[in-house]
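Worksheet: one structure, shown below.
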Amino acid sequence: MSSNGTNKLEKSDRLIKLSLLMIALSAVSVLAIITIFIFEQGLPIMFRYGLKHFLLGQDWYPSEKSFGLLPMIIGSLMVTFGALIIGVPLGLASAIFLTEFSSRRLAGFLKPVIELLAGIPSVVYGFIGLMFLVPFIRERFGGPGLSVLAASVILGIMILPTVISITIDSIRAVPDSYREGSMALGATKWQTVRMVVLPAARSGIIAGIILGMGRAIGETMAVIMVAGNAADIPGSVLAPVRTLTSNIALEMAYASGEHREALFATGVILFIIIMILNTVANMSSAKQRKKGSGR
Amino acid sequence: MRYGKNYTGNSFFKKENLFSFLTSALNQKSLETAPPLLKQGKGRTYPECGQSFLRFLKLFSPRKLAAFKASSVILPGFILILMFFPSCQSKKSNTTEIIVAGSTSVQPFADKWAELFMEKRPGLVVNVQGGGSSAGIMAVKTGAAHIGMSSRELKEDEKDLHEIEVAHDGLAIIVHPSNPVEDLTIDQVKGIFSGDIVNWKTINGRDKAITVVVREEGSGTRGAFQEMVMGKTRISKKAIVQDSNGTVREIVSRDPNSIGFISLGLVNEKVKAISLNGVRPSEENILKKQYHLVRPFLFLTREEPSGLAKEFIEFVLSDEIQSMLPKEGLIPVRKAG
């Protein structure tokens with residue numbers, strides 16, 4: 001290639017680099033603005049009442065200046081954990097089937113269908129939950145039906161596409177030579193999957209699970225509709241529960257003054273929890289890269 | 001790092017290749033005719049992995065794609081710009097516009113009244129805003145609004161405002177239609193919502209646990225219920241919380257063991273409103289002052305209403321509007337003539 005052409009290319013490259021940088025920075029600045037805004041609105045009240053009041057208080061009565069968020073923190077964790085219990089085994093099984101056992105044609109049909117799940121608006125999930133799942137739980141297991149269980153099942157289904165597609169990617173990234181080696185040693189297909197493929201893809205799978213977890217903990221609309229939203233630490237999986245996100249969304253409309261600030265404080269706590277999750281996810285994928293196994 | 005080597009391999013990114021690859025994809029030719037952008041000797045190739053993305057791209061003609069790209073840059077930019085501009089609502093105090101602000105319970109009705117008013121008097125503007133009763137009261141006091149809306153009685157220190165009752169809203173305690181319980185005392189209702197009474201058996205119902213459904217903290221309906229029924233007693237935190245009258249009704253209509261409270265006007269055949277101390281909740285009983293779970297919808301002004309504010313208030317109190325109220329679930333302050 002002539003030096004003239006290279007020059008031209010370099011110039012346009014620089015231009016593209018610059019414009020991409022601008023776009024990337026604007027995305028980052030939105031994050032910064034959101035962070036600053038949430039913390040600016042939420043931190044003052046947390047310091048006024050003390051962190052302990054928020055993190056360990058069990059009574060949420062904003063009109064009486066009681067801002068205990070412990071029921072919501074526990075609620076969020078319970079619902080998210082429940083979603084993982086339901087979503088992860090299903091997701092892993094589907095991903096293993098689609099990559100290792102199904103025919104190419106079947107996988108080519110099923111994978112887009114599963115990805116369609118991600119495109120269904122959460123309010124639709126919530127509505128279906130309210131119409132079918134909640135009455136089912138009420139009649140079969142008792143309680144009000146609006147419960148930890150209902151929220152977990154709905155969220156478990158909602159995280160499926162995330163878990164499945166990331167697991168598929170990381171399983172596909174395991175080199176075929178691993179499988180061939182395992183087969184050559186006389187292992188069956190299932191033994192190969194269980195003892196070679198899954199361990200090699202482990203960190204990618206974990207990252208997928210953590211992303212699904214992030215989706216579950218952040219989901220609001222569907223949870224509001226099926227969880228019952230009682231601001232109390234649930235005594236069983238059949239008791240109603242309120243998550244941090246639903247706490248904000250439920251009460252934002254009418255909140256003013258300290259009540260509003262307390263909702264921002266809820267946002268701060270949620271923000272920190274999600275940051276921790278993201279950091280863990282990043283660390284686990286970094287660890288994997290260092291190890292050099294998998295992809 | 002299975003694919004990584006190829007992503008960074010410069011030689012693969014020949015401009016011509018990249019261009020024709022993309023255009024051929026966009027021109028709806030099959031992928032096979034596109035020149036290989038990245039090729040691996042063995043196993044999966046990059047284009048194969050990118051196929052679904054390209055299929056997605058094919059949905060757009062090149063022109064549409066350009067528009068899509070432009071909008072994807074412009075839109076976030078626009079939003080960013082918007083974020084930096086605080087809402088610049090003008091607080092005009094001229095005589096052709098009045099601001100009505102306050103209770104979100106009154107707001108939907110006031111919106112309608114304002115619409116009808118503006119239809120009759122073109123050129124005049126009635127600007128209805130929410131914010132809640134307390135915010136409305138503050139807004140009138142400070143002069144930020146001409147008329148404040150409140151769905152609760154004024155407190156002692158707020159009594160210096162002019163208050164005009166424009167309507168009443170009843171509060172109904174509702175249960176599932178199949179529930180045998182027809183009548184409760186106020187104390188029983190209080191016991192149920194505070195969590196002291198947990199089984200319908202205690203109040204002559206079925207042997208089932210009670211599911212209590214309430215509104216969220218801060219809502220006017222919950223505030224009115226707290227004030228009129230609960231007094232200083234807390235509503236149980238085990239109660240299920242919903243964020244609208246409609247969803248409370250929906251849940252009560254589906255759960256045979258539930259109880260909740262909603263605006264009287266929103267009671268329909270799917271739920272049963274129960275009597276309190278033997279008095280049925282009805283417009284008649286409210287006008288006779290026998291049913292006590294009633295809250296006023298108040299319009300507030302700083303001084304004796306005048307000008308446009310006066311006209312609007314008079315319009316709301318006119319037969320035309322007052323006779324419309326029952327249809328919307330409210331109780332008129334005066335019988336239409």
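Order of the sequence lines fixes the chain letters, A, B, ..., with proteins taken first and strands second; residue numbering starts at 1 for each chain.
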Problem - Heavy atoms of other groups near B:K208 NZ, more than 12 under 6.0 Å - result: no
Exercise for the section: Flag the pair B:R234 / A:D59 as yes when at least one side-chain heavy-atom distance between them is below 4.5 Å, and no otherwise. Expected result: yes
Completion exercise
Distance col, row B:I251:CD1 vs A:L130:CG, nearest 0.5 angstrom, shows 6.0 Å
Fill in the blank from the handout: Turns out that what part of B:N257 lies under 4.5 Å from chain A's heavy atoms comes down to neither
Completion exercise
Whatever's closer than 4.5 Å to a heavy atom in chain A on B:E250 counts as side chain
Exercise for the section: Could you tell me whether a side-chain N or O of B:K237 sits under 3.5 Å from a main-chain N or O of A:Y61, the two making a donor and an acceptor? Expected result: no
Completion exercise
When the 4.5 angstrom heavy-atom criterion is applied to B:S236 and chain A, the contacting part is backbone
Handout entry: Side chain / backbone / both / neither for B:A239 at chain A, heavy atoms under 4.5 Å
Key = backbone
Handout entry: Region of A:E139 in contact with chain B, defined by heavy-atom distances below 4.5 Å
Key = neither
Exercise for the section: Answer yes or no: does atom NZ of B:K238 have more than 12 heavy-atom neighbours from other residues, nucleotides or ligands under 6.0 Å? Expected result: no
Problem - Value rounded to 0.5 Å, distance of NZ in B:K232 from CD in A:E64 - result: 9.0 Å
Handout entry: Beyond-backbone contact of A:R138 with B:P256, side-chain heavy atoms, under 4.5 angstrom
Key = yes
Fill in the blank from the handout: Whatever's closer than 4.5 Å to a heavy atom in chain B on A:S177 counts as neither
Exercise for the section: With a 4.5 Å heavy-atom cut-off (strictly below), which parts of residues 223-240 of chain A touch chain B? List them by number. Expected result: A:I224, A:G228, A:N229, A:A230, A:A231, A:D232, A:P240
Problem - Heavy atoms of other groups near A:M131 CE, more than 12 under 6.0 Å - result: yes
Handout entry: Largest heavy-atom contact set with chain B, pairs under 4.5 Å, which of A:E251, A:H259, A:Q58
Key = A:E251
Exercise for the section: Give the member of B:V212, B:V213, B:I235 that has the highest number of heavy-atom pairs under 4.5 Å with chain A. Expected result: B:I235
Handout entry: Max heavy-atom pair count under 4.5 Å with chain A, selected residue of B:S244, B:G223, B:S219, B:A209
Key = B:S219
Exercise for the section: Taking atom CE of B:M138 as the centre, report whether more than 12 heavy atoms of other residues, nucleotides or ligands fall under 6.0 Å from it. Expected result: no
Exercise for the section: Of all the heavy-atom pairs spanning A:P144 and B:I240, show the shortest one and how long it is. Expected result: CB-CD1, 3.6 Å
Problem - Over 12 foreign heavy atoms within 6.0 Å of CZ, A:R260 - result: no
